[in-house]
Each structure stands twice: as C-alpha cells, then as structure tokens.
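Remember, it's 1-based here, ligands and their atoms both numbered in the order they're listed.
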Amino acid sequence: MSAIFSKIDLHTHSTASDGQYTPTQLVQRAIDRGLTHIALTDHDSVLGVEEARKAAEGKIALIPGAELSTSWKNQQIHIVGLFIDIKSDALTKYLEGQREKRVERAMEIGAKLEKQGFKDPYQTCVNEASPGASITRGNYARYIVKMGRAQSTNEAFDYYLKKGKSCYVATHWPDIQVAVDAIKASGGIPVMAHPRRYDLTNTKLRELLEYFKSCGGEAMEVSSPQMSPSDYDYLCSLCEKYGFMASFGSDFHNEGSYRELGLNLRMKDELTPVWRTKNAEPYHFEN
Ligand code: AMP
Ligand code: MN
Ligand code: MN
Ligand code: MN
C-alpha cells in the first residue's frame, strides 16, 4: 500500500518529554512537511505547549494536548487529551501528581542503570530534555543507545527497560477514569492512544474500550504509521461499534524512525473525525 500523508497529526512528542526536538523545532518540522494542524501530546506534561504555540502562530494550527499514563489490569494504557486548556486547575493537579511519580521513578531507573555501569544516567537525561520535562523510559532508551550499550531504542528496552529486565521499575499509574475526568474538566477530548500497541488479545482490547467508554472516553486513534491494513480495518470497525470519534497521529519522537509527522495517517469516511467536535472549533479544520 502506498504511503498516505496527512496534513493533520494529532500525536507528537517534544523535549518536554521523550521527544528529540524542542517544541519550536517540532513545529518547524511540521510546517516544512506541509502540515496544517499538529497536536503536541507530551507524556504527562503540557510544558512545551506555550513554546509550540508561539512557533506555530500564523503558520500552522497548534492543538494543545497531553498523553496521560494510566494503569488498567496491570497494563500501562495511554490516554491522549486533545483541545485541552493547559491552565485548567483539574489538569494541573493531575499533572503535578504525575510529575512527582515520574521524578521518583526516573531516579529509581537511573540508580538501577548505574548498577549496570552507566554514569549519571538520570542527570544526563534531565540535562538533555527541557527544564521540568517528564523523563520516561524513552529518554533512557535513547541515552543507552548513545552510550553504545544498545543498537536501537528497541534493543535498549529488550536489554534493560522492559518488564522483567534489570532496570525496570513497576509503577502504578492512576485509573483511566481519573485521566478521563482531568481531561474533560479541562475542556478536552479523551482519546484512547494506539490501541494496537498494547499486549492485549482482541477480547481484552474490546474490554478496555468498553471500560474507556464507561469512563466517558470519547475517541480512539485508528491509524498510525506502519499499521497493517487489517489492524486499521479492525480499529475502524471498533471505533464505529463503540461510537467513538476517530483520531490519528504518528507518535513522532525522533528522526530516523518510521514514525514521521503526518505519515500514513488514514481515516474512513464513515467515521466522525475528532475535529468535528465543538471543542475543535477554534482550530479551523477544513478537511
Ligand atoms: P514510560 O512512560 O516511562 O514507561 O515510557 C514509555 C515510552 O517509552 C513510550 O512512550 C515510548 O516512547 C517508549 N517505548 C516504549 N516501548 C518501547 C520500545 N520497545 N522501543 C522503543 N521505545 C519504546
Ligand atoms: Mn514516548
Ligand atoms: Mn503512548
Ligand atoms: Mn506518544
């Protein structure tokens, strides 16, 4: 199947979490690639949004977002909030809680990496990200590659960071309900992120979507770069079945990966795109 480029990308990362580029550089990349709309959705952080908004002004529509970490049945599930008010009290409170958790966890992972012979992993990752950024395993994976201890970030996960490996730290994130409530209280739309990337059978995935719906979830991502046609068809059918709005995004983090801004993002005509909601009105979607 040929590559399909969309001018809209609703899932991206900057140095406010585990992305390679600053919010300004990310927005410039989107402009250079001819996009008209980009959502910045850093992990548990909205710290990059103001900078991105300034860089976007008059050139591209910047949708404020965040990707919230939650736990469901021992799985880490990501809920993207789109069209959020980044100054909302409810969201700020949620993100402050997440930040405390993340700092503690990142320091624990750093200490474990030190035991494996790495030097100053935590401080090195903090220095490379924006001030106050969420330090995720994604930051550590790139650090491990840079130190020459893995060939790719995927390998860094396989060797050190994933469940069962020496530097894994189990974390209990808030319930999906808490994330959905925080997003809605900030005027945003809760979107189930990359439903195919979890380690779930189809039955479990449907259970997850049913639970998300019962919590007030409103949309789900139906496509991302490199998704197989059968996964895409399946996600579109689930989106319709549960009456969600449809979103999509590359989940772009860094150069040189198949996740590129606007790449291979598709949407079926029978679905209602998330930008049809009134929350999206200020952003002038025309497609
Ligand atoms: P955390 O929220 O700290 O658990 O980190 C999750 C982040 O790590 C994800 O958003 C990805 O950016 C990255 N990640 C997860 N699994 C992998 C993998 N297998 N290879 C490369 N990056 C990964
Ligand atoms: Mn990430
Ligand atoms: Mn994610
Ligand atoms: Mn993401």
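In terms of polar-atom proximity, R259 is not counted as a contact of ligand 1, lacking any N or O under 3.5 Å from an N or O of the ligand. Remark: ligand 1 and Q76 share an N or O pair separated by less than 3.5 Å (distance only, no angle test). Residue W173 places no N or O, backbone or side chain, under 3.5 Å from any N or O of ligand 1. Between S69 and ligand 1, a contact under 3.5 Å exists for no N or O pair.
The closest protein non-hydrogen atom to atom 12 (O) of ligand 1 is H253 NE2, 3.0 Å. The shortest contact between atom 5 (O) of ligand 1 and any protein heavy atom is with R137 N, 3.4 Å. Distance from atom 15 (C) of ligand 1 to its nearest protein heavy atom, with residue and atom name: F157 CZ, 3.3 Å. Of the protein's heavy atoms, R102 NH2, 2.9 Å lies nearest to atom 2 (O) of ligand 1. Of the protein's non-hydrogen atoms, N154 OD1, 2.8 Å is the one closest to atom 19 (N) of ligand 1.
Shown here for S88 and A185, the closest heavy-atom pair between the two residues is OG-O, 4.2 Å. Closest approach of A179 to Y94, counting heavy atoms only: CB-OH, 3.6 Å.
Listed by number with element, the atoms of ligand 1 under 4.0 angstrom from any heavy atom of T136 are 1 (P), 3 (O), 5 (O).
By the 30° and 60° cut-offs, the orientation of the rings of W72 relative to Y211 is parallel. The aromatic rings of F248 and W275 sit tilted, their planes meeting at an angle between 30° and 60°. Between F252 and Y21, the two ring planes are parallel [angle under 30°; tilted spans 30° to 60°].
Here the side chain of Y232 pairs a donor or acceptor atom with the backbone of M267 at under 3.5 angstrom.
Closest N/O/S atom of H194 to the Mn ion (ligand 3): NE2. Looking at D251 and the Mn ion (ligand 4) together, the shortest N, O or S contact belongs to OD1. Closest approach between the Mn ion (ligand 3) and any N/O/S atom of H78 involves ND1. As for H11, its N/O/S atom nearest the Mn ion (ligand 4) is the one called NE2. Looking only at N/O/S atoms, E67 comes nearest to the Mn ion (ligand 4) through OE1.
Taking the six-membered ring for Trp, H37 and H284 have ring centres at least 6.0 Å apart. Between Y143 and F118, the gap from one ring centroid to the other is short of 6.0 Å. For Y160 and Y168, the ring centers are positioned 6.0 Å apart or more.
Contacts of D18 with ligand 1, taken as heavy-atom pairs under 4.0 Å, involve the side chain alone. Residue contacts with ligand 1 for E67 are absent, since no atom lies close enough (heavy atoms, distance under 4.0 Å).
The option with the heavy atom closest to atom 4 (O) of ligand 1, from among H43, R105, R197, H194, is R105.
With a cut-off of 2.8 Å, the Mn ion (ligand 4) has no N, O or S atom of H253 in range.
The existence of a salt bridge linking E128 and K146 is confirmed by a sub-4.0 Å separation between a basic side-chain nitrogen and an acidic carboxylate oxygen.
S17 and S134 share no donor-acceptor pair across their side chains, judged by distance under 3.5 Å alone. For the residue pair E67 / H194, a side-chain donor-acceptor distance below 3.5 Å is found, with atom types taken as modelled.
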